[in-house]
Amino acid sequence: MFHRYALFTIGILTVFTACNSSVQDRTAEVMPDSVDYNFHIRPILSDRCFACHGPDANKREAGLRLDIADSAYKALKETPGLHALVPGNPMASAVFLRIVTEDSTQRMPPVSSNMTVSPFEIKLIEKWIKQGAKYKPHWAFVPPASPAIPEVDDEDWVRNDIDRFILSQMEQKGLSPNPAADPERLLKRLSLDITGLPPTIERMDRFAKDTSGKAYEKMVDELLADSAYGEKMAVHWMDVARYADSHGYQDDNYRSMWPWRDWVIHAFNKNLSYKDFVSWQIAGDMIPNATREQLLATGFNRNHKITEEGGVIDEEYRVSYVLDRANTFSKSLIGITMECAQCHDHKYDPFSQKEYFELYAFFNNVKEVGLESVVGGPETYAKKPYMEITKEDMAGALRFINRQDSNRLIVSVMGEDSIVRKSFVLGRGNYDNPTLEVQPGTPMSVLPFNKSTYPANRLGLAGWLFDEKNPLTARVFVNQLWQQVFGTGIVKSTGDFGMQGELPTNPQLLDWLAVDFMQHGWDIKRTMKMIYMSSTYRQSAQIPKNKLQADPDNKYLSRAPRFRLPAETVRDIVLASSGLLVPTIGGPSVKPYQPPGLWEMATSGRGSLATYKQDHGESLYRRGLYTFIKRTVPPPSMMIFDASNRDQCEVKRSSTNTPLQALIMLNDPTVLEASRVLAAKLLQQGTDADRNIRQAFRLIVCRTPQAKEVSLLNEYFNQQQAYFKKEPGQAAKLLSHGEYPQAAVADKASLAAMMQVITTIYNLEETLSKT
């Protein structure tokens with residue numbers, strides 16, 4: 001009799017458990033009436049959370065729907081006198097009664113499901129029903145409104161409004177902020193966060209001597225003005241845009257997209273507004289009188305994989321390219337999992353398959369084919385539509401492109417076909433199963449697409465994206481900025497703001513940041529500076545035991561986060577601290593040291609990338625951003641440190657901790673070469689081991705070492721020096737790493753010993769971590 005209702009109840013509790021881990025097992029927590037518990041309940045009762053799919057979907061959806069208010073409030077068909085939900089009365093609501101009943105044959109979820117409901121979850125549902133069981137839109141689909149700035153007890157700690165939101169939560173949880181980080185650690189943190197590079201000795205000394213009240217802000221401004229800022233910001237955007245230097249698939253031949261990467265660096269450095277930055281990438285080619293720069297920006301939507309394999313079905317691959325663009329758009333720019341609706345209506349979010357293909361339709365009119373050519377010569381490095389970059393371009397509008405060769409420079413860009421291609425819902429998502437014809441459109445639950453306001457093309461989609469009523473665009477990007485600084489976004493599920501995503505840890509702060517970002521012209525540097533200037537950011541990363549117990553994940557930011565640095569930054573620290581780094585901005589990607597045979601084992605044997613041809617000279621010492629990425633065989637050392645292989649859009653990298661990472665830092669040719677080069681520089685300045693160790697430590701760890709640290713490293717130096725004096729052959733072998741010319745240091749034993757000390761410093765947890 002209650003079978004359908006039972007299924008829905010099981011579904012509710014399953015989703016509740018998955019979505020609301022942050023509110024689990026808190027039975028002792030007070031639940032004041034002033035709190036709107038719909039914020040927690042809403043993800044459970046999603047608009048399509050329990051919708052059935054398939055050929056009989058319409059028939060089955062006629063039953064009880066607890067995710068729709070009108071359905072949930074009605075009397076049950078099987079038991080007309082009983083309602084699933086009675087607003088204000090939990091004891092008259094069948095949903096609640098079935099959850100709390102002692103009768104195991106009636107209790108939901110049933111014993112056979114192996115699921116339970118925690119006491120706090122029961123209290124939460126009861127509280128929501130008492131409050132009226134109100135159905136509201138999912139929080140992320142409601143346009144952000146700037147909340148009132150909270151009052152706090154510790155006004156002296158506050159430097160800007162970000163601190164008020166953070167401190168208010170801390171005080172509610174019985175937490176207090178950490179003291180400020182010491183100046184040396186703070187400068188290192190700031191430099192790595194803004195430029196991705198460690199501070200120079202000159203910057204360290206200058207910052208230490210500046211005792212003015214504006215010293216910190218002056219350093220923030222200086223670093224934001226550094227051209228390395230654009231490189232640091234571009235690393236995240238390369239993941240978002242799935243940028244790579246090869247086409248992908250089996251043949252995986254070369255592609256010449258690096259000028260688009262140079263544009264991204266340029267755009268960040270000149271602080272192009274986020275609105276223009278994204279709009280140009282979505283539809284720069286469609287802007288009236290589009291500039292060459294705006295056309296180049298559209299390479300964003302041509303970074304997807306492209307096949308060059310003979311025998312493939314042309315339309316199948318053309319459709320896959322369009323699907324990739326739709327998926328990238330939804331995940332990176334509006335933070336929703338639209339890709340789940342490619343084959344059927346979304347199971348958890350209010351997106352239908354029809355809406356998915358309406359979004360797909362915006363990208364379905366590009367003048368391209370699925371298979372343009374098989375692996376061949378330079379003409380295959382960019383696929384139509386493309387732009388050829390001329391010398392005139394590079395002397396004018398595109399002068400930021402760092403061209404280092406004389407070959408034809410072609411980049412794939414967007415370009416509309418003159419004849420509008422029809423779009424259809426593809427049955428089960430299959431390219432060869434068109435069903436209902438659709439027109440360009442956007443998800444109704446987010447913001448309906450107004451064709452009287454915007455043209456039904458990519459330019460109109462860009463306008464819709466930055467419509468003041470769009471609830472997601474600003475929230476999603478400021479959350480990505482927050483993630484870059486603190487390691488975790490205010491919404492932890494960076495690419496999923498939907499029903500299955502995490503609830504924001506500080507929703508008021510998220511909305512305040514989003515509204516502030518929009519009201520100040522989508523100014524990225526301004527928002528980043530505001531974060532860096534806050535007391536929240538400046539805290540030390542020490543972890544007192546009481547805070548570890550009260551807030552192990554540091555959700556409330558009562559201390560600075562501590563986590564391992566990204567793969568590119570690990571490489572950059574090694575190169576910069578040793579003096580090997582070549583700071584040239586932009587240019588073609590480079591091929592540094594790599595174990596032999598990797599490419600050859602994973603290639604069809606055709607094309608210019610069939611074998612790995614390592615670069616030499618200055619190309620060996622470029623920043624990690626410029627490392628050549630072949631999709632089928634991405635750079636092994638960077639992959640071990642969790643870099644993306646760029647197969648698809650990624651807005652958050654995974655984070656692992658494996659022995660392979662230690663082996664890389666102990667044996668990688670770049671690390672050993674950097675250790676050798678730095679050791680030689682220090683010994684050429686003097687043979688005082690104590691002084692050299694202190695200097696190396698400052699260059700790499702970016703602080704003055706403690707006496708005990710110097711003593712331990714000195715002891716290790718003496719041990720190694722004695723060993724290499726007895727084993728000169730081993731010293732010569734160690735010093736042979738890398739192609740950088742050998743320095744004229746006569747004492748090879750001391751050189752090898754100092755090299756070992758420096759390698760040890762590179763392996764310190766403090767070197768590889770943000771602290």
**Student:** Answer with yes or no whether the side chains of H346 and T337 bring together a donor and an acceptor at under 3.5 Å.
**Tutor:** yes
**Student:** Indicate yes or no: does D516 engage R526 in a salt bridge with an N to O separation below 4.0 Å.
**Tutor:** yes
**Student:** Testing the 3.5 Å rule here: is there a donor-acceptor pair between the side chains of N450 and T453?
**Tutor:** yes
**Student:** For F362, which of W464, F449, Y356 qualifies under ring pair (Phe, Tyr, Trp, His ring centres under 6.0 Å)?
**Tutor:** F449
**Student:** When you look at NZ of K451, are more than 12 heavy atoms from neighbouring residues, nucleotides or ligands closer to it than 6.0 Å?
**Tutor:** yes
**Student:** Exactly one of D324, N301, V278, I334 should register a side chain to side chain contact (heavy atoms under 4.5 Å, CB included) with F329. Which one does?
**Tutor:** I334
**Student:** Going by atom types only, do E650 and S644 share a side-chain donor-acceptor pair under 3.5 Å?
**Tutor:** no
**Student:** Are the aromatic ring centres of W280 and F300 under 6.0 angstrom apart?
**Tutor:** no
**Student:** Thinking salt bridges, do R292 and D393 make one under a 4.0 Å N-O criterion?
**Tutor:** yes
**Student:** Can R325 and H304 be counted as having a side-chain donor-acceptor contact under 3.5 angstrom?
**Tutor:** yes
**Student:** Does the ring of F628 carry K591 above it, NZ/CZ under 6.0 angstrom from centre and within 45° of its axis?
**Tutor:** yes
**Student:** Does K770 have more than 12 heavy atoms from other residues, nucleotides or ligands lying within 6.0 Å of its NZ?
**Tutor:** yes
**Student:** In terms of ring plane angle, is the pair F268 and Y229 parallel, tilted or perpendicular, where the classes change at 30° and 60°?
**Tutor:** perpendicular
**Student:** For the pair D511 and R475, find out whether any cationic side-chain nitrogen is under 4.0 Å from an anionic carboxylate oxygen.
**Tutor:** yes
**Student:** To the nearest 0.5 Å, how far apart are NZ in K630 and OG in S589?
**Tutor:** 14.0 Å
**Student:** Is a donor on one side and an acceptor on the other found under 3.5 Å between the side chain of N479 and the backbone of V491?
**Tutor:** yes
**Student:** Could you check whether R631 pairs with D252 (Lys NZ or Arg NE/NH1/NH2 to Asp/Glu carboxylate O, under 4.0 Å)?
**Tutor:** no
**Student:** With sequence neighbours left out, which residue pairs that include part of residues 420-440 fulfil the ring pair (Phe, Tyr, Trp, His ring centres under 6.0 Å) condition?
**Tutor:** none
**Student:** Is the distance between the ring centroids of F277 and W263 under 6.0 Å?
**Tutor:** yes
**Student:** Please work out which of the three classes, parallel, tilted or perpendicular, describes the rings of F141 and F351, given edges at 30° and 60°.
**Tutor:** tilted
**Student:** Is it true that a side-chain atom of N433 and a backbone atom of R428 form a donor plus acceptor pair closer than 3.5 Å?
**Tutor:** no
**Student:** Between the side chain of T656 and the main-chain N/O of T658, is any donor-acceptor distance below 3.5 Å?
**Tutor:** no
**Student:** Check whether any side-chain N or O of R571 sits under 3.5 Å from a backbone N or O of R622 as a donor-acceptor pair, and report yes or no.
**Tutor:** yes
**Student:** Taking atom NZ of K270 as the centre, report whether more than 12 heavy atoms of other residues, nucleotides or ligands fall under 6.0 Å from it.
**Tutor:** yes
**Student:** Assess, by modelled atom type and distance only, whether the side chains of Q281 and W237 contain a donor and an acceptor separated by less than 3.5 Å.
**Tutor:** yes
**Student:** With a sphere of 6.0 Å drawn around NZ of K275, does it hold more than 12 non-hydrogen atoms of other residues, nucleotides or ligands?
**Tutor:** no
**Student:** Verify whether one side chain among D251 and S604 offers a donor that lies under 3.5 Å from an acceptor in the other.
**Tutor:** yes
**Student:** Which word best sums up how the rings of W482 and F486 line up, parallel for under 30°, tilted for 30 to 60°, or perpendicular for over 60°?
**Tutor:** tilted
**Student:** For W260 and Y243, take the angle between the two ring planes, folded into 0 to 90°, and tell me which bin it lands in: parallel under 30, tilted 30 to 60, perpendicular over 60.
**Tutor:** parallel
**Student:** Once you measure the plane-to-plane angle for F477 and Y274, does it fall in the parallel (<30°), tilted (30-60°) or perpendicular (>60°) bin?
**Tutor:** parallel
**Student:** Working to the nearest 0.5 Å, report the span between OG of S352 and CD of E358.
**Tutor:** 6.5 Å
**Student:** Can you tell me if N365 and N457 form a side-chain donor-acceptor pair at under 3.5 Å?
**Tutor:** no
**Student:** Counting N and O atoms only, with roles assigned by atom type, does the side chain of T603 sit under 3.5 Å from a partner on the main chain of W599, one being a donor and the other an acceptor?
**Tutor:** no
**Student:** Counting only heavy atoms not in M394 (residues, nucleotides, ligands), do more than 12 fall under 6.0 Å from its CE?
**Tutor:** yes
**Student:** Can R255 and D245 be counted as an ion pair, charged N to O under 4.0 angstrom?
**Tutor:** no
**Student:** Ignoring hydrogens and angles, write down the donor-acceptor pairs under 3.5 Å from the side chains of residues 412-422, residues two or more places apart or on other chains.
**Tutor:**
| unit_1 | atom_1 | unit_2 | atom_2 | d |
| --- | --- | --- | --- | --- |
| S412 | OG | K383 | N | 2.8 |
| S412 | OG | K383 | O | 3.2 |
| E416 | OE2 | R458 | NE | 3.2 |
| E416 | OE2 | R458 | NH2 | 2.9 |
| D417 | OD1 | I419 | N | 3.3 |
| R421 | NH1 | N364 | O | 2.6 |

